[in-house]
S.K.: 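First, the structure itself, so that you have it in front of you.
Just so you know, residue 1 is the first one in the sequence shown, and it goes up from there.
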Amino acid sequence: MGKKNPLSFRHLCLRRRKKKLDPPTPTPPQLMGQSPNTACGSGAAGKGKKKAGGARLWMRFDLAGRSELVECDKSTIIERAGIPARDLRILGPVFSHSSNILAREKAMVVNLEFIKAIVTAEEVLLLDPLRQEVLPFVDQLRQQLPHKSPANLHGAGPADALDSEIQVSTGGHWLPVPEAAEGLQCELPFEFQVLEIALEVVCTFLNSSVADLERDAYPVLDELARNVSTKNLEHVRSLKSNLTRLLARVQKVRDEIEHLLDDNEDMAQLYLTRKRIQNQQLEAGAEASNSFAIVPHLPRLSSKRSGSLVSSFLDDNDVEDLEMLLEAYFMQLDGTRNKILSVREYIDDTEDYVNIQLDNQRNELIQLQLTLTIASFAITFETMIAGLFGMNIPCKLYKIHGIFEIFVGSITAACVLLFLLVLGYARWKKLLGA
């Protein structure tokens with residue numbers, strides 16, 4: 001009787017209360033090939049409350065161009081893409097206008113302006129796909145990925161996408177196929193297709209922003225050159241603020257691409273498809289490597305062209321495709337940056353012109369002040385003489401009849417002569433303009 005029975009009524013009530021208190025685990029939509037009944041974060045079913053609070057909306061694109069909206073938390077994305085947690089912080093709102101292209105073991109983290117995505121060799125996870133700025137990128141992915149994917153190029157299904165890219169099974173070993181390698185040389189890998197679309201959308205957005213800036217800038221600056229007013233100066237100040245922000249955004253994307261172009265190792269790490277194929281070859285073992293070197297029943301592998309295509313695709317130091325891709329958009333961004341700099345130079349020229357106008361008006365005011373000062377000096381001389389003769393001092397001129405008009409005319413002529421002499425001296429010394 002002193003021992004507690006594990007199946008007692010008290011224990012059963014406590015268990016029922018615990019079951020009622022535990023909330024049901026939410027089941028988001030399917031992600032990355034999982035069934036619709038599988039939760040997006042199935043690995044952490046006991047953390048339903050935390051997931052519901054930290055879940056964000058993502059859109060997934062696969063090799064065949066299929067897309068789906070999913071709502072996942074950070075832990076699920078980290079586990080699926082194999083990226084560290086700090087990479088998700090880069091995709092957060094704190095770094096909203098930063099530009100980063102980071103290479104990881106199995107994924108590429110792309111943070112270009114409003115495009116925040118995680119790209120692997122098989123799929124793309126796009127953050128906040130329903131934003132107004134991101135919708136053009138989503139449309140481009142839907143339009144271009146089905147046409148560019150290797151599965152559609154070779155007529156294979158999405159399950160055979162990797163087999164149609166570069167490999168075929170012979171005798172239980174994975175061997176490279178020259179025709180597939182040649183196809184991959186013509187078409188970029190999946191991750192580079194996504195990167196190209198992202199750069200194209202970002203460059204198009206920046207170009208349109210620069211075009212809008214140019215369309216608004218030149219009329220405002222011309223109006224300021226015609227009429228210097230507080231309203232026009234306020235418009236130019238706002239214009240310069242927008243131009244500085246836009247230049248900083250273009251410069252960030254340009255610097256990130258330039259950083260990748262300067263480092264071949266970073267570009268080599270972005271070849272996710274090549275790394276995936278190399279890992280599969282390593283998993284095949286020593287026999288697969290021996291069969292890769294000598295294949296008697298594949299005569300095309302002995303040709304120089306096929307061998308060069310396969311070796312160039314599997315060569316870690318071959319980054320020519322990515323380098324050409326980045327150089328093209330680097331030149332486009334450089335042209336966009338030059339447009340912004342030309343607008344800024346036009347603003348600087350307008351400001352210099354306005355300053356010259358203001359200096360000229362200031363000089364005219366100084367000249368007018370100097371002229372009035374000379375006139376005041378001449379008038380003061382006449383007033384002084386008149387004041388002297390206005391005193392009750394005995395003088396013979398007072399007794400001469402009609403001397404007043406002659407005296408006043410004489411001292412007035414003397415004052416005018418004095419004014420002209422001083423004014424001529426000022427012009428001779430170039431204190432006054434001609």
Side-chain angles (χ1 to χ4, degrees), residues 25-42 44 48-81 83 85 87-102 107-120 122-149 158 190-191 193-209 212 245-246 249 252-253 256:
T25 304
T27 305
Q30 63 180 19
L31 174 63
M32 307 175 195
Q34 296 180 359
S35 60
N37 297 327
T38 304
C40 183
S42 59
K49 293 182 179 180
K50 294 183 179 179
K51 285 173 55 181
R56 302 184 67 178
L57 185 64
W58 298 77
M59 179 173 282
R60 172 186 174 270
F61 288 88
D62 58 6
L63 284 169
R66 294 188 298 267
S67 62
E68 58 180 351
L69 286 172
V70 293
E71 192 173 10
C72 298
D73 61 343
K74 293 181 179 180
S75 60
T76 305
I77 298 298
I78 291 173
E79 180 181 359
R80 188 70 186 181
I83 59 175
D87 291 342
L88 288 181
R89 287 195 292 270
I90 293 175
L91 300 180
V94 178
F95 302 92
S96 58
H97 289 294
S98 62
S99 297
N100 303 99
I101 302 176
L102 305 178
M108 177 198 311
V109 181
V110 178
N111 181 21
L112 295 175
E113 288 290 319
F114 46 83
I115 297 177
K116 304 177 185 299
I118 300 174
V119 186
T120 65
E122 299 175 350
E123 61 190 4
V124 176
L125 292 175
L126 180 62
L127 181 62
D128 296 335
L130 301 182
R131 291 179 54 187
Q132 189 67 27
E133 300 89 352
V134 188
L135 290 179
F137 179 62
V138 175
D139 295 338
Q140 290 295 325
L141 288 176
R142 287 174 176 171
Q143 293 175 7
Q144 299 188 27
L145 285 184
H147 302 286
K148 289 187 175 182
S149 61
F190 174 75
E191 61 271 15
Q193 296 177 18
V194 176
L195 181 60
E196 181 182 9
I197 297 174
L199 289 173
E200 181 181 357
V201 171
V202 170
C203 291
T204 303
F205 173 78
L206 294 176
N207 281 330
S208 63
S209 300
D212 295 339
R245 287 194 295 267
L246 184 58
R249 295 168 66 179
K252 287 178 182 179
V253 182
E256 183 63 25

S.K.: What residues form a side-chain contact (heavy atoms from CB on, under 4.5 Å) with Arg131, not counting sequence neighbours?
M.R.: Phe114, Asp128, Glu133, Val134

S.K.: What are the two closest heavy atoms between Val138 and Pro129, and how far apart are they?
M.R.: CG2-O, 3.9 Å

S.K.: Can you name the nearest heavy-atom pair linking Leu112 to Ala198, along with the distance?
M.R.: CD1-CB, 4.4 Å

S.K.: To the closest 0.5 Å, what do you measure between CG (Asn111) and CG (Leu102)?
M.R.: 8.5 Å

S.K.: Quick check for you: to the nearest 0.5 Å, what is the distance between Leu125 atom CG and Ile77 atom CD1?
M.R.: 5.0 Å

S.K.: When you check the side-chain N and O atoms of Asn207 and Thr204, is any donor under 3.5 Å from an acceptor?
M.R.: no

S.K.: Taking all non-hydrogen atoms of both residues into account, name the closest pair between Leu126 and Lys116 and its distance.
M.R.: CD1-O, 3.6 Å

S.K.: Using modelled atom types and a 3.5 Å cut-off, is there a donor and acceptor pairing between side-chain atoms of Glu123 and backbone atoms of Arg60?
M.R.: no

S.K.: With a 4.5 Å heavy-atom cut-off, do Phe190 and Thr120 have their side chains touching?
M.R.: no

S.K.: With rounding to the nearest 0.5 angstrom, report the CG to CG distance, Leu246 to Leu206.
M.R.: 6.5 Å

S.K.: Nearest 0.5 Å, what's the CG-CD1 distance between Leu91 and Ile83?
M.R.: 6.5 Å

S.K.: Heavy atoms, side chains only, cut-off 4.5 Å: are Met59 and Phe137 in contact?
M.R.: no

S.K.: Let me confirm one number: the CD-CD1 distance from Gln144 to Ile197, rounded to the nearest 0.5 Å.
M.R.: 4.0 Å

S.K.: Which atom pair, heavy atoms only, marks the closest approach of Ser99 to Glu113?
M.R.: OG-N, 4.2 Å

S.K.: Measuring from atom NZ of Lys252 to atom CG of Asn100, what distance do you get when rounded to the nearest 0.5 angstrom?
M.R.: 9.5 Å

S.K.: Tell me the closest heavy-atom pair linking Ala81 and Ile118, and the distance in Å.
M.R.: CB-CG2, 3.7 Å

